[in-house]
Amino acid sequence: MPVRVRIAPSPTGDPHVGTAYVALFNRTWARRNGGQFLLRIEDTDRARSNPESERMIFESLKWLGLTYDEGPDVGGPTGPYRQSERVSIYPKHAKDLVEKGAAYYCTCTADRLEAVRKAQSAAKLAPRYDGHCRNLPPAEVKKQIDAGAPWVIRLKVANEGECRFKDVVRGEVVFAWDQIDDQILLKSDGWPTYHLANVVDDHLMGITHVIRAEEWISSTPKHIKLYEVFGWEPPVWCHVPLLRNKDKSKISKRKNPTSLNWYRDQGYLPEALVNFLGLMGFSMPAGLEVYSPAEMEKEFTIEKINAGGPVFDMQKLDWMNGQYMRKLSAEELAKRLGPFGAAGKDPALVKRIVPLIQDRLRVLSDFGELTSFFFAETVEHDPAVLVGKKSTAAETASLLAAAVEVLKSCEWTAAAMEGKLREVATSKNIKPGDLFMPIRIAVTGKAATPPLTETMEVIGKEKCLARLEAARKRLSPG
RNA sequence: GGGCGUGUCGGCUAGAGGCAGGCCUUCAGGUUCUCAGCCUGACAGCGAGGGUUCGAUUCCCUCCACGCCUACCA
């Protein structure tokens, strides 16, 4: 049987980094086995689902290269892949279960359920459905429904024995059946809950391995019960850990960026983010950390996923991003910088700048901050910083004057300028750095830049001399 | 409260009944005109307590901590 796996995100809010994380494991498993990876949109929550959110899921998965073989926007043999387009499928399955005696109609109102829960929690009992309608004669419930009472269908769960299943990541997991609630399967609006839709669709779509987040482990017994009462073969269960905030709680946007859009907009390279996600829970032989999806496919098995929840460490992500940015050719990096400010600029100039900043970028959006002085007409600087703590305005002005003097007649190459400026430093009996720094600040407005003379070469003679002269004049007018 | 899950340097992880290794971060040197990068090196860990064993971080038990679930959300 071919491996078929899926991710089933809900289109609510921004595309989530956890979706990408689970997608990576699913897709890698499918590819390793020559199987299929599907995307199914679980939009049965009509209040929260929205099309924009769905569109961003498609977009961000493609941005990351986490492409799927079947999905709402790419089609496939077991579609539709959007649960809102499958709503007609679920009620008959739910009713089928009622006929089999595995589920029942329930007409309890929200008010009653809330009152029951309140009483239970006051009595320090587990809040759960009390079985009210389950224990009523079916005819009684039917009478209420015929009279127009809203109804749902609930799963009838046994209250004795235990549910055992093997989880590939965690080993055997056991739940007592009496801990499992009579879950609503079909809501009063006729739409399915996650539990019903998920099981029905996974079956109909031929899903062989359910690789999903750990938060689902508690509802797995309900799903297993559903497979059992439908008479279907359950998939292999694999619950991967949840990404965590620094404080180890489930990753959340309040404490850590979770939107894939954010990572894209900051200028994290998709291949770096995917590689980083792979490190969370999975490790390659020999401790290899920088690797491609193809390399991961050769080594990946679900058993090797760590069960512990990994803290999402931005510092290591930054490092990983640096690894990938430095591997890029200058041409490719220039292209990637396009959306971050490079696109509107003179391509020839950008081409000369990129090698100077390649080692200095943390994320692509650093581009503007790192290169502003290449494009500006003039630069601003603080005279106090220009002069520094160890010098005086007069001394600094004289250094700048001397620099202007030799640069005026200097061949405008980094090497020639460096030679001349070192001669100046020697003749003034100062360290090269004490000369280079005021020039750097005068020319770029910044204390940290790429190597000075290489930078000046790219900025150009006219601008550099004008900036030096302007800085000198501020220190000693006239 | 209940159920389930998880505990190896600050973070990500490798490991095996016999010297706990790698990566990120941090720190210290080196390269250097600054920053970054790069190179060297250093600091730092088996949650706690009991057992089994010649020997336990590894196997067993108890405890503790943390996380998730406990919806007509997913």
Side-chain angles (χ1 to χ4, degrees), chain A residues 8-12 42-45 47-49 106 108-110 113-114 117 120-121 123-129 150-154 167 169-170 173-176 178-181 183-189 191-195 197-198 212-221 239 241-242 244 246-250 276 279-290 306-320 322 326 356-362 366 370 418 421-422 425 431-437 439-441 444 446-453 455:
Chain A
S10 288
T12 56
E42 306 234 342
D43 53 355
T44 54
D45 183 343
R48 296 199 306 152
S49 299
C106 170
C108 290
T109 62
L113 294 175
E114 198 184 327
R117 260 194 292 273
Q120 286 167 331
S121 97
K124 295 208 189 263
L125 291 168
R128 53 191 302 187
Y129 185 60
W151 53 272
V152 301
I153 291 179
R154 285 182 185 271
D167 183 288
V169 177
R170 290 147 209 280
V173 181
V174 183
F175 286 84
D178 66 11
Q179 294 297 323
I180 311 302
D181 208 355
Q183 184 60 232
I184 290 179
L185 263 17
L186 201 68
K187 301 186 259 192
S188 56
D189 62 3
W191 283 43
T193 57
Y194 168 86
H195 306 282
N198 181 266
R212 82 229 296 192
E214 181 186 4
E215 57 192 330
W216 292 110
I217 207 163
S218 306
S219 34
T220 302
H239 290 93
L242 250 11
R244 308 294 184 90
K246 261 197 168 50
D247 65 4
K248 311 262 188 179
S249 55
K250 169 163 116 171
F276 172 74
L279 255 30
M280 304 282 97
F282 173 70
S283 69
M284 292 283 272
L288 183 67
E289 302 216 302
V290 180
N306 249 51
V311 171
F312 191 97
D313 181 2
M314 294 292 288
Q315 283 184 318
K316 191 155 189 180
L317 206 216
D318 284 348
W319 167 80
M320 182 66 83
R326 273 172 243 126
L356 295 180
I357 60 162
Q358 186 152 19
D359 284 351
R360 294 172 173 78
L361 289 166
R362 186 185 52 91
D366 287 341
L370 251 30
E418 179 161 355
L421 290 177
R422 283 182 188 279
K431 286 184 286 183
D434 291 337
L435 173 64
F436 281 49
M437 186 51 82
I439 298 176
R440 163 177 288 112
I441 291 170
T444 67
K446 292 177 190 299
T449 71
L452 179 61
T453 57
T455 301

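Chain letters run A, B, ... following the sequence lines, proteins first, then strands; residues in each count from 1. Computed over heavy atoms, backbone and side chain alike; hydrogens, waters and symmetry mates excluded.
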Using Watson-Crick or G-U wobble geometry with both distances below 3.5 Å, tell me the partner of [N], or none.
N      : value
B:rC59 : B:rG51
B:rU40 : B:rA28
B:rC4  : B:rG67
B:rA20 : none

Is the side chain of A:Thr455 donor-acceptor paired with the backbone N or O of A:Pro450 at a distance under 3.5 Å, no angle test? yes
Is there a donor-acceptor pair under 3.5 Å between the side chain of A:Asp167 and the backbone N or O of A:His239?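 Yes; at least one donor-acceptor contact below 3.5 Å.
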Using the ring pair (Phe, Tyr, Trp, His ring centres under 6.0 Å) criterion, which residues pair with A:Trp216? Sequence neighbours excluded. A:Tyr194
When you measure from the side chain of [X], which nucleotide among [options] comes out closest?
X        : options                : result
A:Asn306 : B:rA74, B:rU13, B:rU34 : B:rU13
A:Arg360 : B:rA71, B:rC72, B:rA36 : B:rA36
A:Ser218 : B:rC69, B:rU34, B:rC73 : B:rC69
A:Ile184 : B:rU6, B:rC72, B:rG2   : B:rC72
A:Phe175 : B:rG5, B:rC68, B:rC4   : B:rC4

Which part of the nucleic acid, if any, lies within contact of [X], taking any heavy atom under 4.0 Å across all strands shown: a base, the sugar-phosphate backbone alone, or nothing?
X        : value
A:Glu42  : sugar-phosphate
A:Trp216 : base
A:Ala307 : sugar-phosphate

Looking at A:Phe312, does the NZ or CZ of A:Arg244 lie under 6.0 angstrom from its six-membered ring centre and within 45 degrees of the ring axis? no
Take nucleotides 41-46 of chain B nucleotide by nucleotide from the 5' end and write B, S or -, depending on whether a protein heavy atom sits under 4.0 Å from the base, only from the sugar-phosphate, or from neither. ------
Could you give me the CA-CA distance, side-chain angles and deciding distance for A:Leu186 and A:Val152, then say whether side chain to side chain contact (heavy atoms under 4.5 Å, CB included) is met? CA-CA 6 Å; A:Leu186 201 68; A:Val152 301; 5.9 Å; no
By side-chain hydrogen bond (donor to acceptor under 3.5 Å, both in side chains), which residues pair with A:Lys187, not counting sequence neighbours?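 side-chain hydrogen bond (donor to acceptor under 3.5 Å, both in side chains) check on A:Lys187 returns nothing, list empty.
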base_contact_polar (B:rC35 base, A:Lys446 side chain, donor-acceptor, <3.5 Å): no
Does the base of B:rG67 carry an N or O that pairs as donor and acceptor with the side chain of A:Ser249 under 3.5 Å?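 No pair found.
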So, A:Lys250 and A:Glu214, do they make that salt bridge, N to O below 4.0 Å? no
In whole Å, measure the gap between the P atoms of B:rG3 and B:rG55 for me.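 These two P atoms come out 36 Å apart once rounded.
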